[in-house]
Amino acid sequence: MADLPSLWTHEPHDVLVFKPGEKVADIDAGSTPGFTGSKGDAPDLQDERNERFAGLQEMLYAGSREGDTRSVLLVLQGMDTAGKGGIVKHVVGAGNPQGIRYSSFGVPTEEERKHDYLWRIRKALPTAGQVGVFDRSHYEDVLAVRVHDLVPPEVWGARYDEINAFEKELVEAGTIIVKVAMFVSLKEQKKRLSKRLDRPDKYWKYNPGDIDERLLWPAYQEAYQAVLDKTSTDYAPWHVVPCDRKWYSRLAITELLIEALKTLDLSWPPASFDVEAEKKRLKDA
Ligand code: AMP
Ligand code: MG
């Protein structure tokens with residue numbers, strides 16, 4: 001844990017990784033697991049860690065120009081207002097856009113419905129050197145789809161194994177998958193939705209259907225439990241992130257990305273030319 005800021009007691013990965021038997025109903029969305037600092041510590045620390053992430057992310061991208069084919073995929077799943085957009089903007093947004101691939105997944109379009117549910121996902125995967133971010137994902141096909149009975153139970157029921165096999169294939173091909181389940185309490189969600197209704201600059205984030213989804217929370221809770229129980233694998237484990245405090249969830253997910261990038265043991269690609277000779281040439285040019 002060499003460069004882990006001292007305000008964490010443990011690697012966030014170890015604290016947040018889903019543990020078999022853990023219950024969604026018991027998650028305290030207002031908690032700050034593993035973090036010993038306070039909200040006041042967050043802005044400076046976030047800046048510093050954003051820079052660390054950006055450095056590693058750019059190194060990954062630079063390496064791909066020299067033939068490194070590895071990539072990272074951040075999967076963000078959570079109910080409305082959990083803060084997925086904030087992670088995209090304030091965490092992933094700190095990176096170099098050249099190496100970032102953002103994709104969001106809403107209700108499937110007519111064209112998407114003609115294909116298998118993984119079709120649109122495969123098309124959006126990060127390529128060599130990219131950090132991909134999924135704002136919702138293939139997990140909607142066992143969450144929204146299950147809760148709303150959009151396909152028969154035997155169809156969504158088979159998807160957990162299909163998803164595991166799909167993710168295994170990605171990991172074997174060199175993608176590190178960082179899966180994050182973001183949990184916001186119903187109380188905090190109400191506050192955030194009401195803010196969206198109070199501010200014209202937030203209307204774009206509001207959808208009347210958000211209230212219908214909110215009312216289905218018990219069914220979603222069950223569906224999330226099944227996702228965590230069935231698709232947390234050693235090659236692509238879930239992380240459970242409490243999200244009532246945005247400053248915490250952002251710091252935590254930044255660390256999860258940094259940890260993932262560090263396992264790649266990246267370095268800047270060496271010059272493919274004679275640096276000294278080029279300096280001399282430039283001087284006289
Ligand atoms: P948002 O992310 O707020 O734009 O909302 C997107 C909506 O699309 C959410 O209500 C999701 O549950 C829904 N959605 C995403 N993927 C699917 C899917 N495969 N089937 C049905 N609904 C989906
Ligand atoms: Mg929404």
Side-chain angles (χ1 to χ4, degrees), residues 24 29 73-93 101-125 132-164 166-167 179-186 188-228 230-231 241 243-244 246 249 253:
V24 171
L73 173 61
L74 175 67
V75 173
L76 299 174
Q77 269 302 151
M79 299 292 284
D80 292 295
T81 78
K84 301 182 292 294
I87 298 301
V88 172
K89 182 172 170 180
H90 299 285
V91 176
V92 183
R101 180 157 195 203
Y102 168 81
S103 308
S104 67
F105 299 97
V107 176
T109 61
E110 204 177 311
E111 187 182 19
E112 286 169 349
R113 277 202 307 272
K114 287 187 197 143
H115 299 267
D116 176 77
Y117 68 102
L118 292 175
W119 179 75
R120 63 177 183 167
I121 304 294
R122 286 185 191 276
K123 284 203 308 172
L125 291 170
V133 51
F134 280 4
D135 179 345
R136 302 188 189 269
S137 66
H138 41 300
Y139 286 99
E140 290 293 329
D141 293 281
V142 283
L143 289 165
V145 166
R146 169 174 168 157
V147 167
H148 291 281
D149 284 323
L150 300 180
V151 298
E154 57 275 19
V155 175
W156 59 252
R159 290 181 175 168
Y160 302 97
D161 288 345
E162 290 164 15
I163 288 173
N164 286 340
F166 169 64
E167 292 182 354
K179 298 194 295 199
V180 179
M182 300 175 68
F183 290 97
V184 63
S185 67
L186 283 173
E188 179 64 22
Q189 190 193 47
K190 192 168 213 165
K191 255 169 66 183
R192 292 182 186 176
L193 286 174
S194 110
K195 197 160 153 195
R196 290 182 181 181
L197 288 171
D198 279 340
R199 289 185 33 186
D201 64 320
K202 302 255 183 208
Y203 292 165
W204 69 277
K205 294 191 193 183
Y206 186 84
N207 177 338
D210 295 351
I211 295 181
D212 305 302
E213 293 297 275
R214 172 182 166 80
L215 293 169
L216 290 169
W217 174 238
Y220 269 106
Q221 207 167 337
E222 238 178 79
Y224 268 98
Q225 187 70 53
V227 162
L228 296 173
K230 294 174 195 278
T231 64
V241 177
C243 289
D244 277 10
K246 287 181 180 169
S249 49
I253 296 170

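When a ligand or atom number is given, it counts from 1 through the structure's own listing order. These values consider heavy atoms only, across backbone and side chains, with no hydrogens, waters or symmetry-generated copies.
Ring orientation note: the planes of W217 and Y224 are tilted relative to one another, at an angle of 30° to 60°.
Rounded to the nearest 0.5 angstrom, E188 CD and K246 NZ are separated by 7.5 Å.
Every protein residue with a heavy atom nearer than 4.0 Å to ligand 1 is included here: D80, F105, G106, V107, P108, R120, R136, E140, D141, A144, V145, L150.
Taking the side-chain contact (heavy atoms from CB on, under 4.5 Å) definition, one finds that K190 meets it with R214, sequence neighbours left out.
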Quiz: residues 149-159 side-chain donor-acceptor pairs under 3.5 angstrom, not counting sequence neighbours:
unit_1: R159; atom_1: NH1; unit_2: D141; atom_2: O; d: 3.0

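Looking at every heavy atom in both residues, M182 comes nearest to L76 through SD-CD2, 4.1 Å. Closest of all the heavy-atom pairs between Q225 and V24 is OE1-N, 2.7 Å.
Listing protein N, O or S atoms at distances below 2.8 Å from the Mg ion (ligand 2), with waters left out, gives D80 OD1.
A distance-only check finds no donor-acceptor pair linking the side chain of R196 to the backbone of K202 [under 3.5 Å].
Between Q77 and the options R136, E140, K84, a side-chain hydrogen bond (donor to acceptor under 3.5 Å, both in side chains) holds for only E140. Of the listed residues (V133, L74, V180, D135), just one forms a side-chain contact (heavy atoms from CB on, under 4.5 Å) with I87, and that residue is L74.
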